[in-house]
Amino acid sequence: MLVAANREEARRMFDAIAPTYDVLNRVLSFGVDALWRRRLIRTLQPLAGQRILDVACGTGDLLIGLSQEMPGSLVGLDLAPEMLQIAARRLRKAGVDGSLVRGAAECLPFASASFDVVSVAFGIRNFEDLSAGLREMHRVLRPGGQLRILEFSRPRRGLWGSLFTWYFVAVVPKIGRWISGHPEAYTYLPTSVAAFHDSDSLDQILRTAGLKVSASIPLTGGIATLTVAERPPSVLMAS
Ligand SMILES: C[S@@+](CC[C@H](N)C(=O)[O-])C[C@H]1O[C@@H](n2cnc3c(N)ncnc32)[C@H](O)[C@@H]1O
């Protein structure tokens, strides 16, 4: 079974599925993934001149949404050049003026405190080193800056949870393989979600990275979770 244990494997997998990534997102989630991203954007305050970084931006879905609601400068970063190429095309088509950078979340090529907002949607589960990725996001955020994380999670028990688990484990890999032509990427999806931290444990890791978590919002019965966090403002010492 494929597990994207390192960055090179993750890059290869996302490069391979890039051409069908968007269509599969819409088909497999029945369009709900777009609502989740919109929900993330709605938790942010639109302020003129903000500097926004979307980590693991993929094909640019969240960047395009952010550009419509948040005035400011936009940067997207991702490991996979094929995903970035599609993002570049989509941003151009949507008339979005953002920069795209190839790089890894664990060593962000940006100055400290250089962003007001950092977001990551369906990316952290794939990081080779989650703690390093979070430390880097903390570093590039200015004190008081906003962090938003959207990620799949395990739904609550009960009928909805059982139904979703069956769909995720039995149906998604088959449709994913059929449309993407990739033998393992859509088996990796439910496997990696099952192996990832639950929201309590993720919140703890965020706190250890120096971030303040103000809410963990379960979406669609807990299929996904939106984490609302910030880099705490710096405390000025009176002399
Ligand atoms: C499931 S896609 C999500 C893309 C996009 N954020 C979205 O909402 O559709 C995960 C993305 O994370 C990227 N990725 C995985 N590990 C990464 C890392 N360590 N640093 C930067 N990007 C990474 C992959 O290349 C891929 O484009």
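Order of listing sets the numbers, starting from 1, for every ligand and every atom in it.
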Would you please classify the geometry between the Phe152 ring and the Phe168 ring as parallel, tilted or perpendicular, with 30° and 60° separating the classes? tilted
Mutual orientation of the aromatic rings belonging to Phe115 and Phe110 [parallel < 30°, tilted 30-60°, perpendicular > 60°]: perpendicular
For [X], which part has a heavy atom under 4.0 Å from ligand 1: side chain, backbone, both, or neither?
X: Asn126; result: both
X: Arg11; result: neither
X: Phe14; result: side chain

Note the single closest protein heavy atom to [atom], along with its residue, its atom name and the distance in Å.
atom: atom 13 (C) of ligand 1; value: Asp78 OD2, 3.3 Å
atom: atom 16 (N) of ligand 1; value: Leu79 CD1, 3.6 Å
atom: atom 19 (N) of ligand 1; value: Glu106 OE1, 3.0 Å
atom: atom 20 (N) of ligand 1; value: Ala105 N, 2.9 Å

Trace of the salt bridge (Lys or Arg N to Asp or Glu O under 4.0 Å) decision for Glu8 with Arg11: CA-CA 5 Å; Glu8 184 49 25; Arg11 182 203 60 73; 2.6 Å; yes
Are Leu47 and Leu62 in one and the same hydrophobic cluster, where Ile, Leu, Val, Met, Phe, Trp and Tyr link if side-chain heavy atoms are under 4.5 Å apart? no
Which is it for Asn126 and Ser192 under the side chain to side chain donor-acceptor pair (under 3.5 Å) test, yes or no, and what are the steps along the way? CA-CA 8 Å; Asn126 305 293; Ser192 60; 5.0 Å; no
Heavy-atom contacts with [X] under 4.0 Å: which atoms of ligand 1 show up? List them by number with element.
X: Met83; answer: 27 (O)
X: Gly103; answer: 21 (C)
X: Phe122; answer: 1 (C), 2 (S), 3 (C), 8 (O), 10 (C)
X: Ala104; answer: 20 (N)
X: Ala80; answer: 25 (O)
X: Gly58; answer: 4 (C), 27 (O)

Min N/O separation [X] to ligand 1 under 3.5 Å:
X: Glu128; answer: no
X: Leu77; answer: no
X: Asp54; answer: no
X: Tyr21; answer: yes

Between Glu136 and Arg139 (salt bridge meaning N to carboxylate O under 4.0 Å), is one present in this structure? yes
Closer than 4.0 angstrom, basic N to acidic O: yes or no for Glu106 and Arg7? yes
Smallest separation among heavy atoms of Leu77 and Pro109, with atom names: CD1-CD, 3.5 Å
For atom 6 (N) of ligand 1, state which one of Ala56, Gly60, Ser119 supplies the nearest heavy atom. Ala56
Please step through side chain to side chain donor-acceptor pair (under 3.5 Å) for the pair Ser73 and Arg51, ending with a clear verdict. CA-CA 5 Å; Ser73 67; Arg51 298 152 304 165; over 6 Å; no
Just by modelled atom types, is the Gly145 backbone N or O under 3.5 Å from a matching donor or acceptor in the Asp116 side chain? no
Taking it one step at a time, do Arg26 and Asp61 satisfy salt bridge (Lys or Arg N to Asp or Glu O under 4.0 Å)? CA-CA 11 Å; Arg26 296 300 174 271; Asp61 254 355; 2.7 Å; yes
